[in-house]
Protein chains: 2
Amino acid sequence: MAYHHGDLRRVLLEATAAAIQEHGVAALSLRDLARRAGVSHAAPAHHFGDKAGLLTAFAAAGFEELATALAGDDFLEMGVAYVRFALSRPAHFEVMFRPDLYHADDPALLAARAKSSEALYGEDTDKTAGQAGWSIAHGFATLWLSGAFPGRDQDPLDLARALFRQLNPGYSQ
Amino acid sequence: MAYHHGDLRRVLLEATAAAIQEHGVAALSLRDLARRAGVSHAAPAHHFGDKAGLLTAFAAAGFEELATALAGDDFLEMGVAYVRFALSRPAHFEVMFRPDLYHADDPALLAARAKSSEALYGEDTDKTAGQAGWSIAHGFATLWLSGAFPGRDQDPLDLARALFRQLNPGYSQ
DNA sequence: GGCTCAATCTTGACGTTGACAAGATTGGAG
DNA sequence: CTCCAATCTTGTCAACGTCAAGATTGAGCC
């Protein structure tokens, strides 16, 4: 077999996203990831310690990308960007908010999560309005991904925009 | 061993809630439930077919209880009731919105879910406002349960009320 | 009371998984 | 050229979900 794959860590993280989108987090298996990457069954554990370690890195990457996606937008478009991220990276989004799946005290993860919080709350003057916007964005994204939200023929981003406009004036342009 | 436990199905569902609250859904094990109930390792499968069958019944019970909890309240208090349910039955709430864990086409489950939808949307005139309220309630509950929401020293129901008041007038009394 | 039978639960087995230990391979630093 | 740490493999273990087969029980029926 080929030793020193060279890029295994990145390949495994990409395979994780694919595997979760295909069969859900519940069915995620380190051995399946190893098969997808063409390495032995114990190779993933070397890079991430254990399964929770893999998902820790996976969630951290998600928070990093979310922080980038949120940067620089106004209130309403930031909410839309939040939903857009959740729908385009559903596997990351799901793992990120299930701390029972990973090592929630990991420094890299905490730093990445702080970055997204910064992007969400950084310049916000009205804390409660920001929390309401975050709740709408998160709730809508979660419900949409779980299939529970009605109106599945419409564009979810348009739907999200309509929901944000239900908030008090000043944010509803 | 004692055959004909008599009440095993109910006991297993209660043990499921306890086990999930202790160690998360990811760590849920039929064999552990069997040990908690004092029966053999294969007894749970007899009542529910398989693990997904158990979680189907578990989620259905959750939707039933949610429908009851939502009945008869005005808009704002219905949202508060939604959050109260999520926080008082966190295990049910989590499973209910993770259809990859159960048999999403189960008739009993679909009926129970329809009942909650009815309670949520039944008399609602403004569909978008209702969806915004649902999104806030669901998003806040999810974020609170995942530990991501700030202000963990405050009463979550008071916090939820404050968020609902961020919606357009007519719902913010 | 005794018989029958379906429902309930047990026992035993199989393939798969996450984790661990020990060994093989490799590339780079000195 | 040698060493060494990083990378990956191989082998193993207990635990898990699932299935098949058997044991036990209570309720209906004569």
Is there any ring pair (Phe, Tyr, Trp, His ring centres under 6.0 Å) pair reaching into residues 27-62 of chain B, and which pairs are they, with sequence neighbours excluded? B:Phe58-B:His92
Using atom [atom1] of [X] as one end and atom [atom2] of [N] as the other, report the distance to the nearest whole Å.
| X | N | atom1 | atom2 | result |
| --- | --- | --- | --- | --- |
| A:His103 | C:dG18 | NE2 | C1' | 12 Å |
| A:Arg36 | C:dT17 | CZ | C1' | 16 Å |
| B:Tyr102 | D:dG17 | OH | P | 20 Å |
| B:Lys51 | D:dC19 | NZ | C1' | 17 Å |

Check every strand shown and say whether A:Leu54 touches a base, only sugar-phosphate, or nothing at a heavy-atom separation below 4.0 Å. nothing
Mind checking B:Arg9 for me? I need base, sugar-phosphate or nothing, with any heavy atom below 4.0 Å counting as a touch. nothing
In terms of side-chain geometry, is the basic nitrogen of A:Arg161 or A:Glu77 positioned less than 4.0 Å from the acidic oxygen of its partner? yes
Measure all distances between protein nitrogen or oxygen atoms and nitrogen or oxygen atoms of nucleotides 12-14 of chain C, and list the pairs falling under 3.5 Å.
unit_1, atom_1, unit_2, atom_2, d
C:dG12, O6, B:His41, NE2, 2.9

A:Ala34: what forms a side chain to side chain contact (heavy atoms under 4.5 Å, CB included) with it, not counting sequence neighbours? A:Val39, A:Pro44
A:Ala18: which residues meet the side chain to side chain contact (heavy atoms under 4.5 Å, CB included) condition with it, sequence neighbours left out? A:Glu22, A:Arg36
The side-chain hydrogen bond (donor to acceptor under 3.5 Å, both in side chains) partners of A:Arg113 (sequence neighbours excluded) come to none
Taking only side-chain N and O atoms of A:Ser40, does any of them lie within less than 4.0 angstrom of OP1 or OP2 on D:dC8? no
Tell me, which of residues 43-50 of chain A have any heavy atom that sits under 4.0 Å from an atom in DNA chain D? A:Ala43, A:His46, A:His47
B:Trp134 and A:Phe140 aromatic centres sub-6.0 Å: no
